[in-house]
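What follows is a single structure, written as structure tokens, with notes after it.
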There are 2 protein chains.
Amino acid sequence: MPHGHGHRWGQKLSGCGFRLTVGREAIIDVLSRSDKHLSAEDIFLELHADHPGIGLTTIYRTLELLVQTGIVAKFEFGHGRAKYELTEEYGKKKHHHHLFCKSCQTIIDYSDFMEDEITYIKKTEKGLAKKYDFQIDGHIINFYGLCRACRAK
Amino acid sequence: MPHGHGHRWGQKLSGCGFRLTVGREAIIDVLSRSDKHLSAEDIFLELHADHPGIGLTTIYRTLELLVQTGIVAKFEFGHGRAKYELTEEYGKKKHHHHLFCKSCQTIIDYSDFMEDEITYIKKTEKGLAKKYDFQIDGHIINFYGLCRACRAK
DNA sequence: CAGAAAATGAAAATGGTTATCAATAGCAAA
DNA sequence: TTTGCTATTGATAACCATTTTCATTTTCTG
């Protein structure tokens, strides 16, 4: 097997002319093993035990690369710290959106009610694309509110 | 007429125990007159001719206050600079969402297809609230893509 | 109008993210 | 396998939007 082509993401990266490095592999590995949304620093800390050599700079650079190549999705929930997770195509999570607690900043993934969403999104995308002459590549749906624990406070 | 109660927002602010100041009035005025989404700096520059005394700090502080009191809505499109606009209740725009061009960062407001959205949102909010025991206060829907001009480049 | 408390401006601090640059590592070709 | 070109990296400094600090000014109540 050609070097670095053991994963879909490896194929994708080398296919785009990027090199397969231990840092990149380690970062994707952390993302693969986690079911949460991780910040750059989360990843840095997680990695630091096994790979003390990998600096924050590399994490940021790699994440940007992975976002560009469609391997990772970046989310900003308005609390000043971007969060990352593998995209549907490269991760193990299915299509989902986010429920964000404004108080404790917990993020809940949900995959419910997707039939309704897909219907709505498809229709809206089509209409918007036509009316505004826009090529729509993606969408974000976030619900904001208070989780049970924070309501009790 | 009691001092500072000439506008709905004035009533809201003083009703919440906040003072009516020239700075706050000027900031809301800029937002009222604009039909775009303004950043703190946009507002600062716009204000600087008539109110050279109002500093960026005050803009940020005031915007936060206005967001807290529900007079202003804050948006982050992932390009590192928050944008603000009056909420439906205090502005003149009706319920709308945003189409964001990833290339030129233009924001298009759209109010189309709202019937579909409201149906979908209502149903989903209700379902999510129940399933995840979440009190949902709001939602964000953004579509990302490329506008006509940027596709031509 | 006086006094208490809130609001403000200037300047410095913060904190996440990005640029710089010399050193290192991946990989294609020999 | 070795070589050589280049992409990649780490450390550090720079960035830049946003916050904090604190002394001063303004608002508003009594």
Side-chain angles (χ1 to χ4, degrees), chain A residues 1-6 9-28 37-45 47-48 50-69 72 74-84 105, chain B residues 1-6 9-11 13-28 37-45 47-48 50-69 71-72 74-84 105:
Chain A
M1 179 163 54
H3 185 191
H5 292 60
W9 55 261
Q11 292 172 27
K12 177 71 175 176
L13 280 187
S14 52
C16 290
F18 298 108
R19 292 178 178 171
L20 265 278
T21 68
V22 292
R24 287 172 184 173
E25 179 159 14
I27 290 168
I28 296 179
H37 307 73
L38 302 177
S39 67
E41 196 186 357
D42 290 337
I43 297 172
F44 174 77
L45 293 175
L47 233 49
H48 205 260
D50 288 339
H51 299 272
I54 298 178
L56 240 193
T57 307
T58 297
I59 313 269
Y60 276 109
R61 267 191 300 232
T62 301
L63 286 171
E64 195 194 333
L65 176 71
L66 296 175
V67 169
Q68 297 304 333
T69 48
V72 161
K74 177 180 184 178
F75 294 94
E76 318 210 25
F77 293 96
H79 60 320
R81 172 172 277 164
K83 298 272 195 166
Y84 302 84
Q105 314 194 331
Chain B
M1 180 162 53
H3 186 188
H5 292 59
W9 55 261
Q11 291 171 28
L13 281 187
S14 52
C16 291
F18 298 109
R19 293 180 176 172
L20 264 279
T21 68
V22 292
R24 287 171 183 175
E25 179 159 15
I27 290 168
I28 295 180
H37 308 71
L38 302 177
S39 67
E41 196 185 356
D42 290 336
I43 297 172
F44 174 78
L45 294 175
L47 233 49
H48 205 260
D50 288 339
H51 299 272
I54 298 178
L56 241 193
T57 307
T58 298
I59 314 269
Y60 276 109
R61 267 190 299 230
T62 301
L63 286 171
E64 195 195 333
L65 176 72
L66 296 174
V67 169
Q68 297 304 334
T69 48
I71 297 171
V72 162
K74 177 180 184 179
F75 295 94
E76 318 210 24
F77 293 96
H79 59 321
R81 171 172 277 164
K83 298 271 195 167
Y84 302 85
Q105 314 194 332

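In this text the structure is predicted, and so the values were computed from the model without any measurement. So you know, we letter chains A, B, ... as the sequences are listed, proteins then strands, and number each from 1.
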Without decimals, in angstroms, what is the distance between [X] [atom1] and [N] [atom2]?
X     : N      : atom1 : atom2 : result
A:H51 : C:dA25 : NE2   : C1'   : 15 Å
A:Q68 : D:dT8  : CD    : P     : 13 Å
A:R19 : D:dG4  : CZ    : P     : 16 Å
B:I59 : D:dA17 : CD1   : C1'   : 14 Å
B:L20 : C:dA5  : CG    : P     : 20 Å
A:I27 : D:dT8  : CD1   : C1'   : 12 Å
B:E64 : D:dA17 : CD    : P     : 18 Å
B:L63 : C:dT8  : CG    : P     : 12 Å

Nearest heavy atom decides the nucleotide; on that basis, is B:V22 or A:G53 closer to the 5' end of DNA chain D?
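So the residue in question is A:G53.
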
Are the side chains of [Y] and [X] in contact, using a 4.5 Å heavy-atom criterion?
X     : Y     : value
A:E25 : A:W9  : yes
B:V22 : B:I54 : no
A:Y84 : A:D42 : no
A:L66 : A:L13 : yes
B:T62 : B:I43 : no

At under 4.0 Å, does any side-chain N or O of B:T21 touch on OP1 or OP2 of C:dT8?
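Answer is yes, contact under 4.0 Å.
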
For D:dT8, does either OP1 or OP2 sit under 4.0 Å from a side-chain N or O belonging to A:R24?
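Answer yes for this pair, as a side-chain N or O of A:R24 is under 4.0 Å from OP1 or OP2.
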
Pairing residues for B:R19 by the salt bridge (charged side-chain N to carboxylate O under 4.0 Å, His left out) criterion, not counting sequence neighbours:
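For B:R19, no residue satisfies salt bridge (charged side-chain N to carboxylate O under 4.0 Å, His left out) once neighbours in sequence are set aside.
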
Evaluate whether atom NZ of B:K83 has more than 12 neighbouring non-hydrogen atoms of other residues, nucleotides or ligands under 6.0 angstrom away.
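Yes.
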
So if I define the base as every atom that isn't primed, P, OP1 or OP2, how would nucleotides 12-17 of chain C read as a B/S/- string at a heavy-atom cutoff under 4.0 Å?
----SB

